[in-house]
Amino acid sequence: MSRARLAVGLEYDGSGLHGWQSQSASPNVQDAVNRALSRVADEQVRCMGAGRTDAGVHAIEQVAHFETSARRSRRDWLFGANTYLPDDINLLWVREVAGEFHARHSALSRTYAYLILNRSVRSALERNRAWLIRDPLDDKAMDRAAQVLAGEHNFSSFRAAHCQARSPVRRVMDIWVRREGQRVWVVCRANGFLQRMVRNIAGSLALVGRGRETAAWFARILEARSREAAGPAAPPQGLYLQRIEYPPELLPERNPAGLETLSRITKDI
């Protein structure tokens, strides 16, 4: 029987998960999705995600693909899989795609958003959804400093020490910092990311926002090409995989369900 390739979009709350990647000893997104889809397909299914998110990191829209000989309607795949998924993981959409579509390798860009809750009192509701910074933050100074990262650069200063990427060079298409009341968002779109790159950027930008460092210092970090030059990494709970873009002929515009979280405070990038 011929096999079909399907793409799925999913959202998840990473608070109780050890990231996307399959691992036998800890709860993770990939294993949960594989089990759910396998039950709907009545055969073993293994999905491939567009990117690996670390423990505690959330996704507003992750994309994955899988192959199957099972024939089900979109509705059956979607609601069937969600029946078997835990409450912190949810499929948003399902569609059949061409055989050359690959969730990871076909991606044109990825967008990550980092949320800082900037207020003096801790939050019961957002303790696992944002980084609490009590000191006042100058979001405009953070935005000015961040612009040095736009373009193609060696991002060695912002990669994790154990990052296994072959090259530290990435192209940042857009990066900006915006305040919405007590919330400060750092949003970055690039052709790819190094491990912990956004968290390391956000951690260093926070030092600028607090007035402890300057935009000139932030620019020197990039030039240093050394992780030791940058500030500490921001914690994982503020990081969201927001959006992954593909050539429209491989994955047409999909249902925007799940993207509302940032709709009021992000711009078209």
Side-chain angles (χ1 to χ4, degrees), residues 1-14 17 19-23 27-54 57-113 173 188-193 239-263 266 268-269:
M1 184 180 294
S2 63
R3 296 175 67 81
R5 179 165 293 201
L6 287 88
V8 299
L10 56 149
E11 63 183 4
Y12 47 87
D13 177 346
L17 301 168
W20 164 265
Q21 188 70 11
S22 176
Q23 45 190 302
N28 61 84
V29 183
Q30 189 175 26
D31 284 342
V33 175
N34 285 344
R35 287 192 296 267
L37 291 172
S38 295
R39 293 187 69 173
V40 177
D42 197 26
E43 65 179 21
Q44 282 296 113
V45 166
R46 180 169 177 81
C47 63
M48 170 70 70
R52 300 180 182 182
T53 51
D54 292 334
V57 175
H58 318 291
I60 295 170
E61 190 193 41
Q62 169 75 277
V63 176
H65 77 266
F66 66 96
E67 289 190 348
T68 179
S69 58
R71 292 294 181 263
R72 307 285 187 268
S73 69
R74 288 190 189 181
R75 179 182 175 84
D76 287 345
W77 281 117
L78 181 63
F79 290 99
N82 281 341
T83 298
Y84 300 121
L85 283 169
D87 291 342
D88 50 3
I89 306 172
N90 186 62
L91 291 195
L92 300 170
W93 51 264
V94 182
R95 65 165 63 232
E96 189 166 345
V97 292
E100 61 265 30
F101 174 85
H102 192 286
R104 180 181 176 187
H105 300 311
S106 299
L108 299 175
S109 70
R110 295 165 174 81
T111 301
Y112 278 88
M173 302 162 180
C188 184
R189 181 169 65 105
N191 65 344
F193 289 87
L239 185 58
Y240 296 77
L241 174 55
Q242 181 191 350
R243 183 75 168 169
I244 304 165
E245 296 294 339
Y246 295 94
E249 65 273 16
L250 290 183
L251 185 63
E253 186 63 26
R254 56 267 193 197
N255 187 341
L259 299 179
E260 295 88 348
T261 302
L262 293 175
S263 63
T266 58
D268 251 337
I269 60 173

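Counting begins at 1 with the first residue of the sequence.
- Under the 30°/60° scheme for interplanar angles, the aromatic rings of His65 and Phe101 are found to stand perpendicular.
- Within a 6.0 Å sphere centred on CZ of Arg104, heavy atoms belonging to other residues, nucleotides or ligands number 12 at most.
- Taking a 6.0 Å sphere around CZ of Arg52, one finds it holds 12 or fewer heavy atoms contributed by other residues, nucleotides or ligands.
- Using cut-offs of 30° and 60° for the angle between ring planes, the Trp77 and Phe66 rings count as perpendicular.
- Ala41 and Ala70 make their closest contact through O-CB, 3.6 Å (heavy atoms, listed as atom of the first residue, atom of the second, distance).
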Chi angles and distances behind the side chain to side chain contact (heavy atoms under 4.5 Å, CB included) call for Phe79, Val40: CA-CA 9 Å; Phe79 290 99; Val40 177; over 6 Å; no

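- Nearest heavy-atom pair, Arg3 versus Ser69, reported as atom, atom and distance to 0.1 Å: NH1-N, 3.9 Å.
- Nearest approach of Arg110 to Ala50, heavy atoms of both residues: NH2-O, 2.9 Å.
- Annotation for Tyr246 and His102: closest pair CE2-O, 4.0 Å, computed over non-hydrogen atoms.
- Among the candidates Asn90, Thr53, Asp88, the single residue satisfying the side chain to side chain donor-acceptor pair (under 3.5 Å) test with Tyr12 is Thr53.
- Here OG1 of Thr68 is found 3.5 Å from CD of Glu43. Values are rounded to the nearest 0.5 Å.
- Here the side chains of Leu250 and Glu100 are in contact, with some heavy-atom distance below 4.5 Å.
- In this structure, Gln44 places its CD atom where only 12 or fewer heavy-atom neighbours from other residues, nucleotides or ligands lie under 6.0 Å away.
- For the pair Ile244 and Gln62, the minimum side-chain heavy-atom distance is below 4.5 Å.
- Going from atom CD of Glu61 over to atom OG1 of Thr111 covers 10.5 Å, rounded to the nearest 0.5 Å.
- Closest approach of Arg5 to Gly99, counting heavy atoms only: NH1-O, 3.2 Å.
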task: In sequence, state the C-alpha distance, the side-chain angles, and the governing distance for Leu37 and Leu6, and then conclude on side chain to side chain contact (heavy atoms under 4.5 Å, CB included).
output: CA-CA 11 Å; Leu37 291 172; Leu6 287 88; over 6 Å; no

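- Minimum heavy-atom separation, Cys47 to Asn34: N-OD1, 2.8 Å.
- Looking at Leu251 and Arg95, their side chains come closer than 4.5 Å, going by heavy atoms from C-beta outward.
- Taking 4.5 Å as the limit, every side-chain heavy atom of Leu241 sits out of range of all side-chain heavy atoms of Trp20.
- Contact annotation: the side chain of Cys188 never approaches that of Gln242 to less than 4.5 Å [non-hydrogen atoms, C-beta and beyond].
- Formation of a donor-acceptor pair under 3.5 Å by the His58 side chain with backbone atoms of Asp13 is not found in this model.
- At a threshold of 4.5 Å between non-hydrogen side-chain atoms, the residues Asp54 and Leu239 do not count as touching.
- Proximity of a side-chain donor or acceptor of Ser38 to a complementary backbone N or O of Val45 within less than 3.5 Å is detected.
- Side-chain contact between Arg243 and Ile60 is absent, with no heavy atoms from C-beta onward closer than 4.5 Å.
- Within 6.0 Å of CG in Asp42 there are 12 or fewer heavy atoms belonging to other residues, nucleotides or ligands.
- Between Leu17 and Asn28, the closest side-chain pair of non-hydrogen atoms is not below 4.5 Å.
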- request: Decide yes or no on side chain to side chain contact (heavy atoms under 4.5 Å, CB included) for Arg46 and Glu67, but give the supporting numbers first.
  value: CA-CA 8 Å; Arg46 180 169 177 81; Glu67 289 190 348; over 6 Å; no

- request: Give the intermediate values and the outcome of side chain to side chain contact (heavy atoms under 4.5 Å, CB included) for residues Leu10 and Val29.
  value: CA-CA 10 Å; Leu10 56 149; Val29 183; 3.7 Å; yes

